[in-house]
Amino acid sequence: MDLRRQQLIYGLKIAIAGLKTENEILRKAVELIDAFSPDFNWTGFYMMRDGALEVGPYIGPKTEHTRIELDSGICGAAASQKQSVIVDDVNADPRFLACSLTTRSEIVVPLMDGHDCLGEIDIDSNKPSNFTVDDRAMLEEIATAIVERLKQIG
């Protein structure tokens, strides 16, 4: 993983260390993650609430997908399968729930606490094949840091 990605992970851990609420932690995280790349066109969190994913803090165009069932969309697939999903061409993936007609690729990384999915990081890009295995590794480390901090605040 390159230095820039490592710096984002480290900086995020420092930035969320003193925050006291889930919303504060997710808001700060989304700001830092979104600023990482100009090609991140929608960056946000969906959190598990009553057996479905509910939109949390995000940066980007307004989404009509404020609640996603686990059997719906790429977000639902990532949460159900409890693993990260990279889609290079969302138009070729029948699971894609279009938030924006300009979205071309997506990455979704679950926030895992053991076997429990607490939520996920969801990022859309207007560029096809925008997300790499390095992005996945970076976001998985960020997801781990967020889960650890959320567990600390109880």
Side-chain angles (χ1 to χ4, degrees), residues 5 8-9 12 16 19 21-154:
R5 285 177 175 83
L8 174 59
I9 294 164
L12 183 135
I16 66 173
L19 301 178
T21 69
E22 178 182 285
N23 194 59
E24 288 174 332
I25 293 164
L26 298 180
R27 171 62 51 206
K28 177 53 76 177
V30 82
E31 289 169 2
L32 294 171
I33 296 166
D34 188 70
F36 179 77
S37 173
D39 295 322
F40 292 179
N41 302 107
W42 193 98
T43 305
F45 288 92
Y46 281 92
M47 299 305 289
M48 195 67 75
R49 306 277 190 249
D50 298 321
L53 296 162
E54 287 189 4
V55 72
Y58 69 91
I59 295 172
K62 185 176 180 174
T63 180
E64 64 188 58
H65 302 290
T66 58
R67 185 170 171 86
I68 300 174
E69 299 300 325
L70 296 183
D71 61 353
S72 182
I74 296 165
C75 287
S80 296
Q81 297 168 7
K82 301 178 180 184
Q83 63 184 18
S84 300
V85 176
I86 295 175
V87 178
D88 290 330
D89 178 3
V90 296
N91 292 322
D93 193 318
R95 301 173 298 180
F96 180 63
L97 299 174
C99 292
S100 168
L101 296 177
T102 59
T103 298
R104 293 294 173 258
S105 58
E106 182 174 15
I107 186 169
V108 182
V109 175
L111 302 174
M112 296 300 298
D113 180 13
H115 295 291
D116 297 326
C117 179
L118 305 180
E120 56 195 23
I121 303 167
D122 179 21
I123 306 174
D124 295 350
S125 177
N126 293 344
K127 288 179 61 178
S129 302
N130 187 63
F131 302 103
T132 66
V133 294
D134 285 341
D135 292 325
R136 177 183 177 156
M138 173 187 74
L139 292 169
E140 287 175 347
E141 279 198 51
I142 287 171
T144 298
I146 290 168
V147 169
E148 288 174 5
R149 184 67 191 122
L150 292 175
K151 285 168 59 172
Q152 289 170 355
I153 65 168

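A pairwise comparison of heavy atoms in G76 and E120 identifies N-OE2, 4.5 Å as the closest pair. Across V109 and I107, no two heavy atoms sit closer than the pair CG2-CG1, 4.1 Å. For the pair T63 and Y58, the tightest heavy-atom approach, listed with the atom from each and the gap, is N-OH, 3.5 Å. When all heavy atoms of R149 and I25 are compared, the pair lying nearest together is CG-CD1, 3.5 Å. What you find for L32 and L12 is that their closest heavy atoms are CD1-CA, 3.7 Å.
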For residues 44-55, tabulate all N or O donor-acceptor pairs below 3.5 Å that involve a side-chain atom, not counting sequence neighbours.
{"residue": "Y46", "atom": "OH", "partner": "H65", "partner atom": "O", "Å": "2.7"}
{"residue": "R49", "atom": "NH2", "partner": "E22", "partner atom": "OE2", "Å": "2.4"}
{"residue": "E54", "atom": "OE2", "partner": "R67", "partner atom": "NH1", "Å": "2.9"}

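Rounding to the nearest 0.5 angstrom, the gap separating the CG atom in N126 from the CG atom in N41 is 3.5 Å. Once rounded to the nearest 0.5 Å, the distance linking CD1 of I33 with CD1 of I142 reads 4.5 Å. From I74, atom CD1 reaches atom CD1 of I86 across 11.5 Å, with rounding to the nearest 0.5 Å. One distance of note links CG of L150 with CG of L26; it measures 6.0 Å at 0.5 Å rounding.
Partner C117 forms a side chain to side chain contact (heavy atoms under 4.5 Å, CB included) with one of Q81, M112, Q83 and no other, that one being M112.
Applying the ring pair (Phe, Tyr, Trp, His ring centres under 6.0 Å) definition to pairs two or more places apart or across chains, none involves residues 74-104. Sorted by first then second residue, the side-chain hydrogen bond (donor to acceptor under 3.5 Å, both in side chains) pairs that include residues 107-119, not counting sequence neighbours, are D113-K151. Listed by first and then second residue, the ring pair (Phe, Tyr, Trp, His ring centres under 6.0 Å) pairs that reach into residues 135-154 come to none, sequence neighbours excluded. Applying the side-chain hydrogen bond (donor to acceptor under 3.5 Å, both in side chains) rule to pairs touching residues 138-148 yields S84-E140, R136-E140, sequence neighbours excluded.
In this structure, T103 has no side-chain hydrogen bond (donor to acceptor under 3.5 Å, both in side chains) partners at least two apart in sequence or on a different chain. Here I59 pairs with R27, V30, E31, D34 under the side chain to side chain contact (heavy atoms under 4.5 Å, CB included) rule; sequence neighbours left out. Remark: D89 engages no residue in a side-chain hydrogen bond (donor to acceptor under 3.5 Å, both in side chains) (not counting sequence neighbours). For R104, the side chain to side chain contact (heavy atoms under 4.5 Å, CB included) partners at least two apart in sequence or on another chain are N91, P128. Every residue meeting the side-chain hydrogen bond (donor to acceptor under 3.5 Å, both in side chains) condition with D135, not counting sequence neighbours, appears here in chain and number order: R5, T132. Remark: N130 engages D39, F40, S105, S125, K127 in a side chain to side chain contact (heavy atoms under 4.5 Å, CB included) (not counting sequence neighbours). Among residues two or more places apart in sequence or in another chain, the side chain to side chain contact (heavy atoms under 4.5 Å, CB included) test is passed with S72 by I68, E69, L97.
Residues S80 and D71 are not in side-chain contact: their nearest non-hydrogen atoms beyond the backbone lie 4.5 Å or more apart.
Formation of a donor-acceptor pair under 3.5 Å by the R95 side chain with backbone atoms of A77 is not found in this model.
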